[in-house]
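What follows is a single structure, written as structure tokens, with notes after it.
Throughout, protein chains are lettered first and strands after them, A, B, ... in sequence-line order, and every chain is numbered starting at 1.
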Amino acid sequence: MELSEHIKTANVEDVTLRRPFHPALRGTLCVTSHHLLFSDRKDEASWQLLILLKNIDAIEKSVENLFGYPRAMGSSGTITIKCKDLLVLQLEIPGMEECLNIASSIEALSSLESVTEMYPFFYRPSHLTLNGPWGLSSTEQYYKQTERLWDRWRVSTVNSDYSVCPSYPSAVIVPREVDDDKLIRSARFRQGGRFPVLSYCHHRNGMVIMRSSQPLTGANKKRCKEDELLLQAVIDGSELGYIIDLRSAQQAQQARMTGGGFESKSFYSHWKRIHRHHERGKIVQESLIKLVEACSDPSHSVDRWLSKLENSKWLSHVHSALSTAGLVVECVERDGHSVLVHGSEGTDNTLLVSSLAQLILDPASRTVTGFLCLLEREWIQAGHPFQQRCAHSAYSHARLKQECPIFLLLLDCVWQVWRQFPLALEFSEALLLRLAQEVYASNYGTFLCNSEQERCAAGVKENTHCLFQSLLRPDIEEQYLNPLYEPTDLAIWPSVHPQSLQLWTGLFLRWTEYAQNMEEAREEVWSIVKEHHEQAGPDRTNNTLSTHCDTLTPFENLMDELTIL
Amino acid sequence: MEHIITPKVEYVKLLNTYPEKKSALGTLYLTATHLIYVEQTNNNARTETWVLHHHILSVEKLPLTASGCPLLIRCKTFQLLHLLFQRERDCQDVFQSLLRLSQPVKEEELYAFLYNPHQNEEDRRQGWEFISVANDFSRMGLSNEYWEISHLNKNYEICSTYPSILGLPKNASVAVVTGSAKFRSRGRLPVLSYYHKDTKAALCRCSQPLSGLTSRCVEDEQMLQAISQANSNCPFIYVVDTRPKLNAMANRAAGKGYENEDNYSNIRFQFQGIENIHIMRNSLQKLLEVCSMKSPSMSDYLTGLENSGWLRHIKSVMDAGVFLAKAVCDERVSVLVHCSDGWDRTAQVCSLACILLDPYYRTIKGLMVLIEKEWISFGHKFSHRCGHLDTDPKEVSPVFTQFLECVWQLSEQFPCVFEFNERYLIEIHNQVYACQYGNFIGNCQKERLDMRLHEKTFSLWPYLLKNQHLYRNPLYRRSLESTVLRPSTLPLHFKFWCGMYNHYDRGMHPKQSVLDQLLSLTQKQVEGERTMTELQRQLAVADGVLPDPSGPINTPAEQDSPSEKTPTAPVVQSNGSCAPLINGDAEEAGPGAEKCNEKEGADPGATEHDLTSSEDKPVSVETEHSKEEVHESS
């Protein structure tokens with residue numbers, strides 16, 4: 001069925017649009033295969049609102065007969081559109097039939113599941129071309145750029161046809177002394193074939209963060225020599241490594257009943273296992289739903305709000321994620337040990353913890369480019385199933401399948417780090433908000449599909465544009481930069497006291513008046529910094545504003561600029 | 001000094017609130033005014049913790065442990081000191097000394113009567129005249145055809161707890177005024193708090209009427225009539241009782257109560273439901289328990305916050321303030337506000353409404369004027385509410401703290417409309433309890449006069465003004481100043497004020513400060529402009545346009561700006577690094593530059609360690625008082 005066949009009514013005139021904190025507008029509404037377009041034809045200056053249908057999480061319609069309606073049509077309908085970026089709109093549509101038609105078109109077109117029918121495959125802006133490399137970096141390039149890996153690590157292409165691990169990229173970084181055969185055997189011993197691979201190598205001491213899925217020890221306590229050798233090779237003579245298991249000890253025990261398990265002390269004698277319980281899947285999704293519901297609660301009771309905030313548990317998830325990331329950093333940076341992180345599948349909390357730990361440890365991941373590279377490496381290439389996890393957001397009434405806002409949780413945690421270290425990140429809150437939006441509905445192909453394999457099969461790299469590239473080229477927009485950025489080589493260790501963590505108002509109150517006040521403040525900060533730079537001369541300006549142009553900025557000189565506690 | 005049993009104890013441990021961080025070892029000193037803890041660290045850096053005796057809320061001896069005798073000191077500034085003595089004897093001595101030192105019995109024992117900030121009598125006099133309530137009335141455009149500044153209360157005979165000058169409606173006769181005063185609790189009759197020039201609506205305040213179940217008073221009714229008539233824009237006034245209805249009704253049985261709409265023509269009566277001082281005191285107590293919980297989970301914390309009810313009370317004050325501002329500005333209606341005595345809740349909501357209505361009160365000086373007007377002169381009982389002297393603990397209540405918090409909550413919603421930053425509010429809060437200056441001593445104007453505070457103590461305001469560069473909000477936009485603030489009062493906008501209640505838990509605060517960064521940028525800018533002006537002046541001199549220079553290049557600039565004397569400017573210039581500013585300790589550095597140097601000279605290795613060590617725990621806790629002040633008095 002062609003997409004256009006879903007559209008029964010393409011155009012309606014005299015539609016009234018209501019948005020929070022804006023006066024109502026009257027104009028024309030159009031539905032196309034991928035967009036909802038509202039244009040206000042007041043005078044010459046027309047104002048348009050373009051919404052990707054994929055951004056629509058839920059629609060509610062109510063039809064009523066209205067006597068005395070201006071056009072004497074006798075009936076009209078109201079559609080409430082709830083978007084995945086948490087915007088809520090109301091459209092008053094004259095004519096019951098039109099209203100129902102529009103609603104059913106939106107319902108059908110916003111829930112398309114075929115990747116190649118999605119908008120990124122049709123998005124062809126004039127300033128971008130489809131030729132050239134897709135993405136910012138590849139495993140091979142990352143390896144080439146990271147000299148400290150060359151000695152003990154190698155790039156393995158054992159997964160080049162995705163047969164060893166369907167959710168891994170074609171190339172991964174593994175200990176040099178472990179050959180591909182051993183990797184294949186280790187993969188068979190790990191859920192989904194996600195054998196331990198390198199995630200990060202610390203620039204100070206060469207300690208690494210590895211990630212994987214759980215070992216398939218099962219009830220019979222099976223073991224895999226190759227898996228043990230692989231982990232032995234990781235610590236290479238040093239005394240001890242830490243396994244951070246993102247499940248409680250009890251959950252890990254229970255996992256054995258269903259074929260999963262954990263690394264037992266007797267077979268992995270040089271690894272010490274620490275359990276940290278993290279919620280996953282449906283529970284986190286429901287947290288988001290409850291939190292968003294609490295934020296739009298019109299009640300004026302503080303007690304009710306605090307109780308709903310508590311009950312949503314969202315901040316508890318933020319708390320656990322940052323605490324565990326802090327634990328990983330403690331092992332790597334302070335105690336000088338390598339770490340293996342995994343939960344069950346190794347595609348969600350594992351990535352959350354490993355990427356947060358890198359943000360805290362690695363100055364290179366705090367630049368715009370570095371951060372986007374981190375996301376590309378640790379989320380896109382590492383096989384976070386975006387399509388499944390982000391199918392719906394907080395408003396959908398659809399039965400939950402595999403939705404889980406782990407990526408949103410990551411962005412929230414990054415925001416918390418930014419709030420505590422407002423000078424240490426090169427990017428701004430606006431970039432995080434943009435990513436929070438793009439991950440659910442995008443013109444770009446970056447967040448399509450669940451793995452590299454799927455992306456290859458669907459031809460994503462050939463037929464869509466890459467968000468990260470577009471964010472960086474030709475020059476990054478000012479709003480995505482942090483005007484106060486001052487690089488530091490130190491680990492930026494966030495406090496995880498409950499008093500130190502806050503609701504991410506930028507995201508959850510994004511469409512309120514409050515956001516406008518914050519925007520004013522941001523502009524004021526920019527203008528102060530610019531004024532200062534003008535006076536300080538061009539040197540200073542270059543230093544802060546153009547670091548994003550270099551890939552993975554070198555940090556040799558930055559010790560001089562240490563400005564933190 | 002006779003109360004100090006042991007002036008110095010060595011090998012005292014300062015335990016950290018958080019078990020992970022190792023505790024410090026140091027020496028404890030007791031002076032006439034301060035408790036001083038000097039920590040010895042390995043690399044010869046000294047960290048000093050100064051606690052003013054007046055700031056001490058309670059001293060508690062905890063049960064003996066294997067490692068020594070613990071002493072827990074709680075401060076009114078929400079600082080907690082957990083000391084561990086090696087010898088029981090020392091602990092007991094310090095305990096006894098502090099019990100006495102922290103609870104002065106007579107007014108003359110208060111710090112303000114000893115303290116002299118190197119000012120002569122003329123400075124002192126000018127300091128006290130610096131903020132004038134009378135000037136604020138002129139600023140509002142009074143007297144005018146409706147309102148006059150009256151001296152009827154110049155001997156405090158009509159109302160002993162009111163100021164000597166009162167704003168009264170012009171057409172209220174002396175008989176009406178005195179009659180109305182007799183019908184109000186403690187004679188606190190309806191008087192002007194704020195006059196809104198644009199709408200002609202007035203904000204008035206008083207105490208509850210002595211209406212009981214049936215009483216009425218013609219003069220009081222005429223008084224309200226006069227207030228109503230002073231605003232031609234509206235035929236009625238709102239009478240707002242800020243108490244919960246139940247409390248107001250209970251008061252009727254005691255011969256007090258609230259206005260009966262039937263007796264007063266053209267009033268619209270409203271309850272606002274702010275709880276009384278006892279409930280507020282208990283609520284703060286619960287909040288502080290949450291603040292000092294050891295490693296709570298997120299749920300423990302949020303549940304504790306909810307159960308404390310604190311933010312609910314803050315919101316109730318804010319709601320009432322917003323109601324008043326809307327009435328005056330949007331509905332153009334005059335409002336009369338009262339609670340029971342009209343010196344707690346009434347002061348809170350009137351001053352909050354003033355801030356919402358008038359951008360002047362959002363400036364550094366404007367807030368001083370507002371506090372002087374609505375709190376000090378209208379007889380908020382600072383001595384009782386803050387427990388300056390050893391008096392009835394049931395009189396103590398964080399009413400003023402709540403007002404400061406409401407201002408902070410507003411500044412979180414509107415980051416660009418206040419001239420001052422959070423530190424200003426915290427500094428005022430500390431000073432209220434410090435009794436270092438005379439402003440917040442006594443319960444009303446008459447009492448202060450009787451104590452001859454203006455002759456014996458100094459005023460806080462000139463000190464704050466001198467340091468105003470520390471309190472500036474770099475985001476302040478004057479262009480926005482004409483607007484009335486319309487805050488959202490949805491519960492989710494009320495946040496826990498970590499900077500106040502966990503002020504001394506440095507580890508909980510952001511590790512880098514946008515405020516300091518922006519202050520240092522704008523400070524450089526100000527200096528740059530000043531240098532430019534100076535260069536131009538020199539050129540002019542060289543060209544013979546101006547007469548001979550009065551001194552070397554920098555002198556005039558230094559005279560211009562007291563800010564040059566602060567630690568911030570020289571440090572920024574000397575090494576081009578902003579380190580001491582960015583670590584968020586600028587305010588602790590206070591007027592004494594020594595501490596700043598200490599930090600600057602600290603081993604960079606140690607700096608790094610602090611950041612990367614397991615958790616981010618307070619590195620040091622220090623008070624804001626400079627050493628200079630203590631040498632003076634000890």
>> With rounding to the nearest 0.5 angstrom, report the CD to CG distance, Glu524(A) to Leu475(B).
In response: 6.0 Å
> In Å, rounded to the nearest 0.5 Å, how long is the span from CG of Leu492(B) to NZ of Lys308(A)?
Replying inline: 11.0 Å
> Passes side chain to side chain contact (heavy atoms under 4.5 Å, CB included), His300(A) versus Lys315(B)? Steps please.
Replying inline: CA-CA 9 Å; His300(A) 267 266; Lys315(B) 179 172 149 55; 2.7 Å; yes
>> Give me the atom names and distance for the closest heavy-atom approach of Lys313(A) to Ser299(B).
In response: NZ-OG, 2.8 Å
> Of the non-hydrogen atoms in Leu490(B) and Asp297(A), which two are nearest, and what is the gap between them?
Replying inline: CD2-O, 4.2 Å
> Side-chain contact, heavy-atom cut-off 4.5 Å: Arg304(A) with Pro491(B)?
Replying inline: no
>> For a quick check under 3.5 Å, do Gln517(B) and Glu486(A) share a side-chain donor-acceptor pair by atom type?
In response: yes
> With only heavy atoms counted, which part of Asn311(A) is less than 4.5 Å from chain B, the side chain, the backbone, both or neither?
Replying inline: neither
> Can you name the closest pair of heavy atoms from Met298(B) and Ser316(A) and give their distance?
Replying inline: CB-OG, 3.5 Å
> What's the verdict on side chain to side chain contact (heavy atoms under 4.5 Å, CB included) for Ile492(A) and Lys511(B), showing C-alpha distance, side-chain angles and the deciding distance?
Replying inline: CA-CA 9 Å; Ile492(A) 50 171; Lys511(B) 306 302 179 300; over 6 Å; no
> Under a 4.5 Å heavy-atom cut-off, does chain B meet the side chain of Ser301(A), its backbone, both or neither?
Replying inline: backbone
>> Distance check, rounded to the nearest 0.5 Å: Glu531(A) atom CD versus Thr522(B) atom OG1?
In response: 9.5 Å
> Can you name the nearest heavy-atom pair linking Gln512(B) to Phe421(A), along with the distance?
Replying inline: OE1-C, 3.0 Å
>> Measuring from atom CH2 of Trp305(A) to atom CG of Leu311(B), what distance do you get when rounded to the nearest 0.5 angstrom?
In response: 11.5 Å
>> Go through it in stages, so that I can follow the logic: the residues are His509(B) and Gln420(A), the test is side chain to side chain contact (heavy atoms under 4.5 Å, CB included), and I'd like the CA-CA distance, side-chain angles, deciding distance and then a yes or no.
In response: CA-CA 7 Å; His509(B) 301 188; Gln420(A) 295 190 29; over 6 Å; no
> Which atoms of Leu509(A) come close to chain B, meaning under 4.5 Å heavy atom to heavy atom: side chain ones, backbone ones, both, or neither?
Replying inline: side chain
> Checking heavy atoms, do the side chain of Thr512(A), its backbone, both or neither come under 4.5 Å from chain B?
Replying inline: neither
> Roughly how far, to the nearest 0.5 Å, is CZ of Phe496(B) from OG of Ser500(A)?
Replying inline: 9.5 Å
>> Quick check: closest heavy atoms across Tyr301(B) and Gln499(A), and the distance to 0.1 Å?
In response: CE1-CG, 3.7 Å
> Given that the side chain runs from C-beta out, which part of Ser488(B) has a heavy atom under 4.5 Å from chain A: side chain, backbone, both or neither?
Replying inline: neither
> So, do Glu520(A) and Arg477(B) sit near enough that their side-chain heavy atoms are less than 4.5 Å apart?
Replying inline: yes
> Do Gln413(B) and Met518(A) pass the side chain to side chain contact (heavy atoms under 4.5 Å, CB included) test, and can you show the C-alpha distance, the side-chain angles, and the key distance before you say yes or no?
Replying inline: CA-CA 8 Å; Gln413(B) 266 195 58; Met518(A) 296 304 119; 5.7 Å; no
>> Between Asn307(B), Asp319(B), Ile314(B), Leu302(B), who has the most heavy-atom pairs with chain A when the cutoff is under 4.5 Å?
In response: Leu302(B)
>> Under 4.5 Å from any heavy atom of chain B, what part of Val529(A) do you find: side chain, backbone, both or neither?
In response: both
> Looking only at heavy atoms, what is the nearest atom pair of Cys416(B) and Ala521(A), with distance?
Replying inline: SG-CA, 3.6 Å
> So does Lys495(B) have more than 12 non-hydrogen atoms from other groups sitting under 6.0 Å from NZ?
Replying inline: yes
> So what's closer than 4.5 Å to chain A heavy atoms on Thr489(B): side chain, backbone, both or neither?
Replying inline: both
> If you measure from OG on Ser307(A) to CG on Leu305(B), what distance do you get to the nearest 0.5 Å?
Replying inline: 12.0 Å
